[in-house]
Undergrad: 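Quick one: structure below, then a few questions.
Nothing fancy with the numbering, it's 1 onward along the sequence.
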Amino acid sequence: MPMYQVKPISGGDIKVDLPTCMYKLPNIHAQSDSGSCIDNVLQNGEVDPALKALEQRQDEILRRLYELKAAVDGLAKTVTTPDADLDATSLSSAPVMSAPKEVADLDSLLGKDLGALRDIVINANPSSPPLSLLVLHGLLCQRYSVLSTVHVHSSVPSVPPKLLNCLGPRHPDSYTRQRFQLGFTLIWKDVPRLQMKFSVPNMCPIEGEGNVARFLSRLVGLEPRDPVAATLSDSWVDTAFFQLAEGGGKERAAVVRALNAALGRGPWLAGADLSLADVVCACCLLQTGTSAASAPANVQRWLKGCQNLDTLACINPLLQ
């Protein structure tokens, strides 16, 4: 039995219409007699020409945006130098030279990179200038359009003028980077071992003058195509840097005797043509102070021939 009993104040037959949505809007997709709906499909099934033109315009805008994004990504690579800790005064320089008759296609060697200047950045110690790389730089300039610059890192107190100008005079169009195929940047820096960085995604730095020389030689086509000659050239490159450049007097004398024997069988060290082995061995011999007059007969003839080549002429001022 309830404690309180209250009589109902209204009848139980009242019906309340509950809403099915919060806001009601007319269906703009339904057909109407007034013709106010948007109908892009004509009676014969064809699409309205205005809609076609709008779609074509959208496709063109998207295409241009994609090309612009690719160009911006390429320019971003040129702004971000691979050497992130460069904080020194810089002296820009590049050789003034005419454009090559046939500009080589870097895309076939390195892959297509839209809008980006491929930068080769080398950190080298001025106490041991990389003569072989300077020779290869000259060969790169003959084959490609190269923007060359020299910088001095803050870790180096001073650099001789001949090292500041080792890549030649400043290029008159150096401010327009997009006109070049390659960027060759040499940074004189207090580093224990030469290092090269290249603007290719997922590519680790290359250390050692010999390894960098091999990389650059492939860009200029100086490496022998014959596998046997290429292996022989690699062997001479290792011998030059590990025994001529870094070895003692006895090791150097042994290498000179081996050179004399090899040059007695042919004019060059790895085949009938000049190769990376000749460039590296000649540079290491000259850098150690070995003169053509004091060398054995075959080495003397070969060394004089190398010095007379325009290819090695760029290092003569650094040897004086």
Undergrad: Any idea which heavy atoms bring Arg301 and Gly266 closest together, and the distance?
TA: NH2-O, 4.3 Å

Undergrad: Would you find a donor on one side and an acceptor on the other, under 3.5 Å apart, between the side chain of Gln243 and the backbone of Ala240?
TA: no

Undergrad: For residues Leu259 and Cys281, report the shortest heavy-atom separation together with the two atoms involved.
TA: CD2-SG, 4.3 Å

Undergrad: Evaluate side chain to side chain contact (heavy atoms under 4.5 Å, CB included) for Phe241 paired with Val280, printing each intermediate quantity in order.
TA: CA-CA 8 Å; Phe241 285 113; Val280 170; 3.3 Å; yes

Undergrad: Side chain to side chain contact (heavy atoms under 4.5 Å, CB included) between Met196 and Val121: does it pass, once the steps are laid out?
TA: CA-CA 6 Å; Met196 188 201 81; Val121 180; over 6 Å; no

Undergrad: Heavy atoms only: give me the nearest Pro157-Ser155 pair and the separation to one decimal.
TA: CD-O, 3.8 Å

Undergrad: Please report the interatomic distance CG(Asn316) to NZ(Lys162), rounded to the nearest 0.5 Å.
TA: 11.5 Å

Undergrad: Any side-chain heavy atom of Glu209 within less than 4.5 Å of one from Leu133?
TA: yes

Undergrad: How close do Val146 and Phe184 get, heavy atom to heavy atom, and via which atoms?
TA: CG1-CB, 3.8 Å

Undergrad: Can you check whether Ala229's main-chain N or O pairs, donor with acceptor, with Ser233's side chain at less than 3.5 Å?
TA: no

Undergrad: Leu263, Leu309: one ILVMFWY side-chain cluster at the under-4.5 Å cut-off?
TA: yes

Undergrad: Flag the pair Leu164 / Pro160 as yes when at least one side-chain heavy-atom distance between them is below 4.5 Å, and no otherwise.
TA: no

Undergrad: Is Gln56 reaching over with its side chain to a backbone N or O of Leu51, donor-acceptor style, under 3.5 angstrom?
TA: no

Undergrad: Quick check for you: to the nearest 0.5 Å, what is the distance between His137 atom NE2 and Leu134 atom CG?
TA: 8.0 Å

Undergrad: Quick one, Val135 with Cys314, criterion side chain to side chain contact (heavy atoms under 4.5 Å, CB included). Give me CA distance, side-chain angles, the key distance, then yes/no.
TA: CA-CA 7 Å; Val135 174; Cys314 62; 4.2 Å; yes

Undergrad: Is Leu219 close to Ile120 at the side-chain level, that is, under 4.5 Å between some pair of heavy atoms?
TA: yes

Undergrad: Side chains of Trp302 and Asp278: any donor to acceptor distance under 3.5 Å?
TA: yes

Undergrad: Is the closest side-chain heavy-atom distance between Gln307 and Leu286 below 4.5 Å?
TA: yes

Undergrad: Can you confirm whether Asn123 sits close enough to Leu194 that some side-chain heavy atom of one is under 4.5 Å from a side-chain heavy atom of the other?
TA: no

Undergrad: Calculate, to the nearest 0.5 Å, the distance between atoms CG and OG1 belonging to Leu147 and Thr185 respectively.
TA: 7.0 Å

Undergrad: Would a distance-only check, ignoring hydrogens and angles, find a side-chain to backbone donor-acceptor pair under 3.5 Å from Asn165 to Pro161?
TA: yes

Undergrad: Grab the two heavy atoms, one from Gln300 and one from Ala295, that are nearest each other, plus how far apart they are.
TA: OE1-O, 3.7 Å

Undergrad: Measuring only between side-chain heavy atoms, which start at C-beta, is Leu182 closer than 4.5 Å to Ser145?
TA: no

Undergrad: Could you tell me whether Phe180 and Tyr144 have their ring centroids closer than 6.0 angstrom?
TA: no

Undergrad: Would you list the pairs meeting salt bridge (Lys or Arg N to Asp or Glu O under 4.0 Å) in which at least one residue belongs to residues 256-268, sequence neighbours left out?
TA: none

Undergrad: Output, in order, the C-alpha distance, side-chain angles, deciding distance and verdict of side chain to side chain contact (heavy atoms under 4.5 Å, CB included) for Leu167 and Thr149.
TA: CA-CA 7 Å; Leu167 299 185; Thr149 55; over 6 Å; no

Undergrad: Do any N or O atoms from the side chain of Arg252 and from the backbone of Leu244 form a donor-acceptor pair under 3.5 angstrom?
TA: yes

Undergrad: Would you call Leu222 and Leu139 a side-chain contact if the rule is heavy atoms closer than 4.5 Å?
TA: yes

Undergrad: Counting only N and O atoms by type, is there a donor-acceptor contact under 3.5 Å from the side chain of Asn260 to the main-chain atoms of Asn298?
TA: yes

Undergrad: Can you give me the closest heavy-atom contact between Ile315 and Cys283, atom names plus distance?
TA: CD1-SG, 3.9 Å

Undergrad: Fit a plane to each ring of Phe198 and Phe215, take the angle between them on a 0 to 90° scale, and name the class: parallel (under 30°), tilted (30 to 60°) or perpendicular (over 60°).
TA: perpendicular

Undergrad: Should we say atom CG of Asn308 is surrounded by more than 12 heavy atoms from elsewhere, each under 6.0 Å from it?
TA: yes

Undergrad: Rounded to the nearest 0.5 Å, what separates atom CH2 in Trp188 from atom SG in Cys166?
TA: 5.0 Å

Undergrad: Can Glu60 and Arg63 be counted as an ion pair, charged N to O under 4.0 angstrom?
TA: yes

Undergrad: Distance check, rounded to the nearest 0.5 Å: Ser128 atom OG versus Glu246 atom CD?
TA: 8.5 Å

Undergrad: Going from CG on Leu62 to NZ on Lys69, what distance comes out if it is rounded to the nearest 0.5 angstrom?
TA: 13.5 Å

Undergrad: Quick one: are Val299 and Leu285 in side-chain contact, heavy atoms under 4.5 Å?
TA: yes

Undergrad: When you check the gap from the basic side-chain N to the acidic O, do Arg214 and Asp238 get nearer than 4.0 Å?
TA: yes

Undergrad: Between Asn125 and Val191 (side chain of the first, backbone of the second, donor and acceptor by atom type, cut-off under 3.5 Å), is there such a pair?
TA: yes

Undergrad: For a side-chain hydrogen bond (donor to acceptor under 3.5 Å, both in side chains) check, start with the C-alpha distance between Glu223 and Ser275, then their side-chain angles and the critical distance, and finish with the verdict.
TA: CA-CA 6 Å; Glu223 188 178 52; Ser275 67; over 6 Å; no

